[in-house]
Amino acid sequence: RKMRKWSKQYGPVMSVRMGRQDWVVLGDYETIQQGLVKHGNAFSGRPSIATIDQITEGHGVLFIDYNDHWKRQRRFGLSTLRGFGVGKRSMEDRITEEVAYLNDAIRTHDGKAFDIQSILSNAVSNNICSIVMGRRFDYDDERFKEIMGRLARGYITLLSVFVLQILIFMPALINFPYFSRINGELMEDVRVILKLLREIVEEHKASYEQDNHRDFIDAFLGEQKAENGAKTFTDTQLLQYVRDLFVAGTETTTSTVRWSLLCLIHNPETQEKLRKEIFEVLGPEKIPAFENKSKMPYTSAFIQEIYRYRTLVPLSVTHMTNEDAHISGYTIPKGTTIAPNLWAVHNDPEEWDEPNKFKPERHLDAGGNFVQLKHVIPFSVGPRHCLGEQLARMEVFIFLVSLVQKFEFLPDPKATVLPDIENDMTRIDLFYRQQFLCI
Ligand code: HEM
């Protein structure tokens, strides 16, 4: 928010001192398009961050720099996530299978107030497990609980996130005992996660069949064999790639659905409208399919408004110029950290009437048809835009429709005020809602 305010004063291409670094913030839709899309080749690097490099060992896809290695890995990831050459089950089949487990887990609360966070993030992670490892886990499976618990600590536990953020801007603090202890705990989590993933990869290697790729890991092993000793599809790369998919794909989708439920609690009439449309198209029992979306303009508008109103990754993932770059009359030197302010695009008062209000109707035309407005870019744009966008869109639609079809979401009757919808857990990377209860 502050950056958007400064952008209004200093212009949409603005340099900001962050710790000991100078970042350039792209502060509106036009400059983000110009930088990330038109000059995509110059703006698609990733800055090297000591704490992150320590975790990723320079592998994976999310934080690696823009080069031929990233391009091959990205191509592989896109085609494999779309299901090319991976078993017979589509991504959608895997999501709809999970929905039934999600609904059952909610029913165990028997109408009593509870926080949906852990059930939902288990369900979302299971979609990734299914695509990556070819199987889902029961929510109380020990190996699954261990991976989820340790991932959550690094990603959503307030103290760890806080310390990680400080270390990103002031890496020298790692030498102080307090920071080094928390960092040590995070590194231990990473070590255990990688060990568990390594076991799963070894199981895959033992049962691998060239002509029957069951999942992402098999597809990767296929590339590894085809590469015949070259250094792109290595074991470390596979483990870090899978870790990245969990990190990038779990909390983002989970939080989007949680913000949606919070909006429903705050806006009961919206919840009713959604349910009415869902019942008209699916009735009370039919399992939602992504193709139903075209017949559900209000639901589509609701989801689009959630993407806009609660911008999940407000400053995207930081980019870096990989050559001297030119934009809006400025020259930005090679190696500069770039922050695309997606939040500013979604809250630009010149584009949106009352941007701080939640209004699904703004995405409908006079005839009630859904209108896809180009200024909604939650997944960012350009060569580095979200790798899991298609999966995320499908998950959010199918999970939300199924939840509203089967349940009514109400505030905790014991609470005297509604859970806060304005403020998040203050952090720079993710617009994350803290715990709230509902029935
Ligand atoms: C609502 C859910 C999600 C949102 C809002 C979201 C948003 C984003 C954003 C803003 C970026 C940064 C793009 C850039 O650097 O310009 C990103 C990158 C990425 N996302 Fe997502 N994401 C979501 C779900 C997912 C899922 C489900 C997966 C995969 C399982 C995923 C995997 C990734 C990966 C691997 C990258 C890095 C791409 C690269 O560096 O080439 N995301 N996402």
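Quick caveat, the model's predicted, so the values are computed rather than measured. Each ligand, and each atom within it, is numbered from 1 in the order the structure gives.
- Residue Ser316 has at least one heavy-atom neighbour below 4.0 Å for each of these atoms of ligand 1: 10 (C), 12 (C), 13 (C), 14 (C), 15 (O), 16 (O).
- When the heavy-atom distances from atom 30 (C) of ligand 1 to Val61, Ile377, Leu391 are ranked, the shortest goes to Leu391.
- With hydrogens left out, the protein atom closest to atom 11 (C) of ligand 1 is Val317 CG2, 4.0 Å, a heavy atom.
- Residue contacts with ligand 1 for Trp70 involve side-chain atoms from C-beta outward but no N, CA, C or O (heavy atoms, distance under 4.0 Å).
- At least one side-chain heavy atom of Phe137 sits under 4.5 Å from a side-chain heavy atom of Arg135.
- Ranking protein heavy atoms by distance to atom 13 (C) of ligand 1, first place goes to Arg384 O, 3.2 Å.
- Taking a cut-off of under 4.0 Å to the non-hydrogen atoms of Leu245, the atoms of ligand 1 that pass are 30 (C).
- With atom 16 (O) of ligand 1 as the reference point, the heavy atom nearest to it among Ser380, Ser44, Gly40 is part of Ser380.
- Taking the six-membered ring where the residue is Trp, the centroids of Tyr101 and Tyr139 are separated by 6.0 Å or more.
- Per-residue contacts place Pro378 under 4.0 angstrom from the following atoms of ligand 1 (heavy atoms of the residue considered): 5 (C), 7 (C), 10 (C).
- Contact annotation: the side chain of Lys71 approaches that of Asp68 to within less than 4.5 Å [non-hydrogen atoms, C-beta and beyond].
- Between Glu30 and His375, the shortest heavy-atom contact is OE2-NE2, 4.4 Å.
- Side chains of Arg243 and Thr56: no donor on one and acceptor on the other come within 3.5 Å.
- Close placement of the His213 and Tyr208 rings is indicated, their centers lying within 6.0 Å of each other.
- Checking His59, Arg198, Lys205 one by one against Asp235, the side chain to side chain donor-acceptor pair (under 3.5 Å) holds for a single residue, Lys205.
- At least one N or O atom of Arg46, backbone or side chain, sits closer than 3.5 Å to an N or O atom of ligand 1.
- Across Asn347 and Trp352, no two heavy atoms sit closer than the pair N-CD1, 4.1 Å.
- With sequence neighbours left out, the salt bridge (Lys or Arg N to Asp or Glu O under 4.0 Å) criterion links Arg362 to Glu305.
- Between Thr270 and Tyr298, the shortest heavy-atom contact is CG2-OH, 3.3 Å.
- Between Tyr241 and Gly77, the closest heavy-atom pair is OH-CA, 3.1 Å.
- Here 1 is the count of protein N, O or S atoms positioned under 2.8 Å from atom 21 (Fe) of ligand 1, waters not counted.
- Numbered from 1 in the order shown, with element, the atoms of ligand 1 that lie under 4.0 Å from a heavy atom of Leu62 read 36 (C), 37 (C), 40 (O).
- Taking every non-hydrogen atom of Thr256 and a distance limit under 4.0 Å, the qualifying atoms of ligand 1 come out as 1 (C).
- The residue from Arg74, His319, Gln73 that puts a heavy atom closest to atom 14 (C) of ligand 1 is His319.
- Here Phe76 and Phe216 bring their ring centres to under 6.0 angstrom of each other.
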